[in-house]
4 protein chains.
Amino acid sequence: MAATEKIRVAVAGGTGYMGVELLRLLALHPRVEIVRVTSEQYAGKPLSEIYPSFRGALDIVLETLDAKTVARDADAFFSALPHGAAASTVVEALKTGAVAFDLSADFRLRDAAEFRRWYGDHPAPELLADAVYGIPELSRDAIRTARIIAVPGCYPTGALLGLVPLVRAGVVGDGLIVVDSKSGASGAGRAAKTDLLFGEIQENVRAYGVGKHRHLPEIEQGLRAAGCGSQVAFTPHILPIRRGILSTIYVPLRAGADLGAAYGAAFRDEPFVQVLGEGKFPEVRDVRGTNNLQLGWTVLAGGTTAVVVTAIDNLCKGGSGQGVQNLNVRFGLDERSGLQQIAAVP
Amino acid sequence: MAATEKIRVAVAGGTGYMGVELLRLLALHPRVEIVRVTSEQYAGKPLSEIYPSFRGALDIVLETLDAKTVARDADAFFSALPHGAAASTVVEALKTGAVAFDLSADFRLRDAAEFRRWYGDHPAPELLADAVYGIPELSRDAIRTARIIAVPGCYPTGALLGLVPLVRAGVVGDGLIVVDSKSGASGAGRAAKTDLLFGEIQENVRAYGVGKHRHLPEIEQGLRAAGCGSQVAFTPHILPIRRGILSTIYVPLRAGADLGAAYGAAFRDEPFVQVLGEGKFPEVRDVRGTNNLQLGWTVLAGGTTAVVVTAIDNLCKGGSGQGVQNLNVRFGLDERSGLQQIAAVP
Amino acid sequence: MAATEKIRVAVAGGTGYMGVELLRLLALHPRVEIVRVTSEQYAGKPLSEIYPSFRGALDIVLETLDAKTVARDADAFFSALPHGAAASTVVEALKTGAVAFDLSADFRLRDAAEFRRWYGDHPAPELLADAVYGIPELSRDAIRTARIIAVPGCYPTGALLGLVPLVRAGVVGDGLIVVDSKSGASGAGRAAKTDLLFGEIQENVRAYGVGKHRHLPEIEQGLRAAGCGSQVAFTPHILPIRRGILSTIYVPLRAGADLGAAYGAAFRDEPFVQVLGEGKFPEVRDVRGTNNLQLGWTVLAGGTTAVVVTAIDNLCKGGSGQGVQNLNVRFGLDERSGLQQIAAVP
Amino acid sequence: MAATEKIRVAVAGGTGYMGVELLRLLALHPRVEIVRVTSEQYAGKPLSEIYPSFRGALDIVLETLDAKTVARDADAFFSALPHGAAASTVVEALKTGAVAFDLSADFRLRDAAEFRRWYGDHPAPELLADAVYGIPELSRDAIRTARIIAVPGCYPTGALLGLVPLVRAGVVGDGLIVVDSKSGASGAGRAAKTDLLFGEIQENVRAYGVGKHRHLPEIEQGLRAAGCGSQVAFTPHILPIRRGILSTIYVPLRAGADLGAAYGAAFRDEPFVQVLGEGKFPEVRDVRGTNNLQLGWTVLAGGTTAVVVTAIDNLCKGGSGQGVQNLNVRFGLDERSGLQQIAAVP
């Protein structure tokens with residue numbers, strides 16, 4: 001595209017937590033024009049009335065979702081709808097010719113049977129194999145020509161960027177891989193549920209979905225694709241923080257494993273991955289509000305186990321930020337466009 | 001009563017935040033036997049399944065509310081129901097002869113017209129004048145013989161215990177009284193509302209109900225009863241803390257006002273009020289989980305304005321704890337019975 | 001300046017909370033080149049080792065402070081040093097010809113006697129009257145030619161932007177003005193003090209400096225300059241949030257006061273002030289990480305008192321962001337340059 | 001002892017976070033009289049001036065520590081001093097005949113060489129083998145006659161109570177055990193360190209001491225004593241909560257392992273352990289402020305790995321509460337005496 005032409009973007013589901021983060025990034029993106037935002041809950045109201053943070057920055061009135069027209073006049077269509085609702089909307093939106101970026105789980109699993117096992121029937125199972133699982137650091141080329149980009153789950157992003165480089169480098173040994181993840185509460189969305197109330201989360205921490213969280217098959221699919229058949233024990237936890245996921249990953253190692261070399265090869269030129277190195281561990285505050293992933297590790301005494309720690313912002317690199325990164329890749333923009341934040345510390 | 005006899009207590013609405021705090025206190029009260037707890041949402045389930053904190057401490061199955069029988073076989077009936085539902089239940093419960101302690105607003109305003117203005121029609125307006133507004137430090141004698149004790153609102157408790165001693169001592173001058181209160185989120189209850197989600201409250205602070213919060217007429221009623229006709233500007237704020245209210249109160253003073261003497265006279269022998277003194281200011285953490293109120297103040301340059309700060313736990317001294325204190329007074333028990341906590345700091 | 005030329009900026013004290021916020025903004029400012037950053041505590045180390053959030057964004061090694069050379073080759077010099085240390089450094093830095101922006105209190109009070117009363121002796125009292133108190137919305141013209149810009153305190157910024165438009169419009173009546181402010185803990189800085197530990201602040205709220213906080217004379221000076229001689233009762237509170245100040249301001253009104261007109265006249269074209277309107281109240285989360293101030297109000301029954309609420313980020317509009325805004329004004333850049341953030345909600 | 005006689009207790013180091021939690025419990029213990037509390041930082045001041053939460057509950061003046069006399073006239077001596085300082089004080093205190101309860105690490109490792117490797121030289125290595133490692137649920141009989149009781153570390157308490165019952169039941173298979181623990185910030189104590197500031201911990205989570213935390217040898221010692229030689233990968237994390245540790249433990253299983261039976265056998269009659277059961281997971285809020293441990297688990301697909309989750313309050317069951325439990329066991333009191341709290345939820 002010409003270097004000043006704007007990508008016209010339509011967004012379905014703009015007032016959930018993932019949607020509003022997407023709008024924050026798109027509104028400041030120098031190459032994006034937002035043409036339409038839908039919200040079932042707030043249709044007809046200005047976005048800035050629901051989210052006063054957009055006052056003076058994005059003046060747009062929220063619309064009701066009509067799948068047939070939502071992507072009209074748009075080059076790119078983002079769905080921040082819940083899974084289930086997303087797939088059927090994307091199917092319609094594709095007919096307008098827009099490239100679809102789906103922030104839900106609906107196009108993440110390539111195998112229809114596996115999808116059914118975790119989510120139930122899919123409205124368009126034939127499209128599953130077409131969709132590209134969009135972690136640019138792992139599959140940038142496929143993204144460049146995709147019609148549907150499945151923006152990965154927050155936990156799988158943090159896990160796979162820690163694991164796949166090791167698998168590819170051939171340093172992962174036999175045995176169980178443990179992914180113990182700690183997430184901010186925004187990952188659970190903005191639905192009015194009792195267990196998401198401040199009084200239930202503040203000064204608390206709990207595990208949930210132990211051994212059966214829906215992000216497990218995504219992590220396994222990513223590992224299988226890279227050639228690793230190991231069992232994964234995945235435990236997500238909910239923390240009293242707004243944003244961020246810290247994943248502590250326990251990896252069995254082959255003799256002589258060189259993690260620094262593996263991560264260096266994978267991430268040397270990546271703009272959004274910062275490898276802190278051995279013996280250094282990331283903190284979620286350093287990536288909060290950004291599309292960055294930071295990573296460090298140690299090898300335990302005996303040399304047969306590595307502890308790898310990754311940190312991301314679950315709504316940004318773990319969702320909408322990665323969605324925008326995919327947009328940049330897909331439309332040939334500078335990959336950092338609209339994503340050059342520095343975390344606000346403290 | 002005999003010093004070992006137990007007071008039989010029934011509780012309606014035991015699984016909201018105010019209800020569960022009441023159960024925590026009653027379960028450990030040496031002179032109380034809990035005979036019945038209702039919960040519309042969880043009827044039929046053991047309390048300890050909903051609140052695992054009660055495991056091994058209170059094994060009771062939650063019941064559906066039947067106003068006619070809820071207080072049967074009980075000496076005391078506590079309602080932790082929302083306003084509106086509370087009044088009609090209390091009316092029925094009184095027929096069993098139990099003494100009623102209402103944690104809602106339904107019996108706090110003595111004037112039926114005033115009640116209607118803020119809450120709508122009252123099911124038994126003739127009972128309003130019978131009810132005693134239960135701040136023991138201000139009206140202990142009336143509580144001893146009451147049939148209905150209106151347990152005061154959280155904000156009015158923190159405001160009136162700071163103001164009434166000054167009014168009674170005659171040191172309050174003409175002009176506006178400002179009550180600027182900061183409350184933990186539990187004060188808004190446990191209903192599944194979007195604006196109470198962790199993501200909406202964490203790292204945030206906001207004013208609400210400015211100039212028109214329903215606790216304003218309670219504060220004014222308490223001041224009027226003490227002989228003060230001043231206008232009150234009352235602004236509540238919601239903070240990202242679970243519990244606690246800090247009230248910063250700006251009081252016009254008469255010349256020569258001696259606040260230390262006023263508070264000393266009011267609180268010298270009170271077990272639940274700690275006067276920190278001039279130039280010392282309370283913190284909510286020091287009263288959290290307890291029935292205590294702590295208080296300090298300063299007089300501004302010129303001597304015409306005092307800044308008084310009070311701290312309470314909104315669910316305890318600002319609700320269920322004060323309810324139990326009223327129970328102790330009403331049944332002639334040691335007023336500290338079941339209420340001898342020390343705040344867990346940090 | 002030419003529209004692509006860069007302003008060369010030196011920063012003293014870059015690793016405190018105010019300093020690191022300044023670096024975050026400057027590093028992403030399209031018209032700024034950071035030439036030097038000092039840090040007594042971390043001199044010789046890369047910034048990104050102390051603050052990994054800067055990895056890949058600002059690669060600079062921290063230097064020891066030498067007042068005589070710190071501003072060499074710089075167009076602008078920012079001091080984020082503590083008061084006292086700031087003044088003597090600024091005095092030296094000015095000799096290089098750089099424009100000085102001081103984030104401390106050292107040049108905020110114009111009257112040397114008043115300064116001495118609150119802070120002790122000033123190393124260059126003759127410069128006090130030269131410095132411009134830099135709230136661009138209130139004194140933009142003076143900033144354009146200033147040698148020293150005193151970046152205002154966080155509390156005064158939130159208070160004066162709420163009050164001065166009312167004073168200028170002539171709607172403030174006689175009587176006490178109450179400014180009750182609630183601040184995030186970052187306002188107290190990054191010094192290793194017991195009372196700033198997580199265990200002392202989390203789940204807590206306290207008033208401090210009641211009636212004698214050093215920001216009181218700044219607020220009074222700003223009011224006096226606008227023609228208001230009223231007494232101010234100012235009470236700051238520390239909250240368990242990282243950033244943000246909410247100020248609840250109680251203002252006596254003249255008959256017929258029209259606050260909407262007053263704020264409209266003051267802020268209609270201001271890029272960083274959003275007037276929410278009557279009956280709408282700002283929340284700190286909507287301005288967090290941005291240079292925005294949001295504002296709303298109500299008039300209490302009787303019409304003689306207004307409650308005005310303002311929200312800012314204490315480190316941004318209340319400090320470093322306002323510093324950058326001043327830089328933009330002083331050097332004739334687009335005032336929004338480097339400051340076009342949208343708060344990351346949630 | 002006679003059922004009404006009081007145990008006289010002296011406390012060294014009463015104003016750190018562990019010390020003040022101990023005082024909270026002892027002050028309300030019906031069979032304890034506190035005879036002396038030392039504090040280097042605050043000697044000469046009343047406890048209630050430093051911690052206003054004790055106003056009206058414990059009026060005692062803090063003293064300077066003199067190891068020779070600190071335990072005089074005391075039946076029991078508690079040290080809440082840091083490691084190093086603790087050992088030398090305990091050695092002196094024992095000479096008075098008092099039973100010593102040490103909350104530091106100084107008597108936890110039985111092997112002097114192992115102690116030296118992790119902590120340096122021990123002042124009285126010959127006493128190490130005398131001390132009893134005080135988890136009553138695992139070694140109650142030895143506690144009854146001990147002279148020195150090493151109160152276990154917070155992390156080891158949460159880990160060993162989850163693991164030892166499985167080891168004893170013979171269900172633990174070969175392979176790595178992973179203990180991934182998430183702790184509140186109070187576990188790091190009250191020293192004025194930059195990395196414990198609110199601004200560094202709020203909205204953040206980080207791993208620390210990965211693979212080399214000093215609680216690792218304690219966990220290994222406890223497993224070895226029970227007959228398990230497995231390697232342990234232990235990763236502690238610091239969370240933005242005041243109190244609580246959640247430990248997520250990944251355990252290799254033998255075929256046919258019955259975890260319910262193992263935990264039932266171990267904990268059936270234990271007053272402070274609540275086994276929630278399979279598929280149920282504890283939350284730290286349900287044990288906060290109490291001496292309880294709650295526990296749940298699941299077995300992953302394939303049956304070769306269990307995920308066990310335990311929750312404790314790090315300052316209570318993970319420290320001072322367990323200290324008091326040990327006191328009760330050692331002096332033949334009801335083990336629940338002074339420890340019958342219910343967590344204040346929310």
Side-chain angles (χ1 to χ4, degrees), chain B residues 175-176 178-184 197-212 216 231-235 237-246 248-250 252 279-286 288 296-302 304-309 311 345-346, chain C residues 175-176 178-184 197-212 216 231-235 237-246 248 250 252 279-286 288 296-302 304-309 311 344-346:
Chain B
L176 184 74
V178 172
V179 177
D180 190 285
S181 294
K182 298 90 178 164
S183 175
L197 295 180
F198 184 83
E200 309 292 308
I201 288 176
Q202 172 76 342
E203 285 287 314
N204 199 10
V205 51
R206 63 173 185 260
Y208 69 103
V210 185
K212 54 185 184 186
L216 174 60
Q231 185 176 9
V232 175
F234 168 55
T235 310
H237 302 75
I238 193 162
L239 302 189
I241 63 175
R242 296 176 302 115
R243 289 163 171 249
I245 292 179
L246 195 83
T248 312
I249 308 172
Y250 302 83
K280 294 184 177 167
F281 299 95
E283 314 188 12
V284 296
R285 74 168 191 170
D286 290 321
R288 186 176 50 216
W297 71 90
T298 196
V299 175
L300 298 186
T304 58
T305 304
V307 184
V308 177
V309 184
V345 173
Chain C
L176 184 75
V178 171
V179 177
D180 190 284
S181 295
K182 299 88 179 166
S183 174
L197 295 180
F198 183 84
E200 309 292 307
I201 288 176
Q202 172 76 342
E203 286 286 314
N204 198 11
V205 51
R206 63 173 186 261
Y208 69 103
V210 185
K212 55 184 185 185
L216 175 59
Q231 185 176 10
V232 175
F234 168 55
T235 310
H237 302 76
I238 193 162
L239 301 188
I241 63 175
R242 295 177 302 116
R243 289 164 171 250
I245 292 179
L246 195 83
T248 311
Y250 302 82
K280 294 182 178 168
F281 298 95
E283 314 188 12
V284 296
R285 74 167 192 169
D286 290 322
R288 185 177 49 217
W297 72 91
T298 197
V299 175
L300 298 186
T304 58
T305 304
V307 184
V308 177
V309 183
V345 172

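The chains referred to below are lettered A, B, ... by the order of the sequence lines, with proteins before strands, and numbering in each begins at 1.
Considering only heavy-atom pairs separated by less than 4.5 Å from chain C, the leading option among B:Gly199, B:Gly175, B:Gly184, B:Gly211 is B:Gly199. When each of B:Leu246, B:Leu300, B:Val205 is scored by its heavy-atom pairs under 4.5 Å with chain C, the top score falls to B:Val205. Contact tally against chain C (heavy-atom pairs below 4.5 Å) for B:Val284, B:Asn204, B:Ile241: the top residue is B:Asn204. Ranked by non-hydrogen atom pairs under 4.5 Å with chain C, the options B:Val178, B:Leu197, B:Leu176 are led by B:Val178. Interface summary for chain C: among B:His237, B:Arg285, B:Gln202, B:Arg206, the most heavy-atom pairs under 4.5 angstrom belong to B:Arg285.
At a 4.5 Å heavy-atom cutoff, the contact between B:Thr235 and chain C is made by backbone and side-chain atoms alike. B:Val307 touches chain C through its side chain: at least one heavy atom from C-beta onward sits under 4.5 Å away, while N, CA, C and O do not. Proximity to chain C (any heavy atom under 4.5 Å) is restricted, for B:Arg243, to the backbone atoms N, CA, C and O.
Contacts of C:Phe281 classified as ring pair (Phe, Tyr, Trp, His ring centres under 6.0 Å), with partners at least two apart in sequence or in another chain: none.
Counting only heavy atoms from C-beta outward, the side chains of B:Asp180 and C:Lys182 approach each other to under 4.5 Å. Here the side chains of B:Thr304 and C:Gln231 are in contact, with some heavy-atom distance below 4.5 Å.
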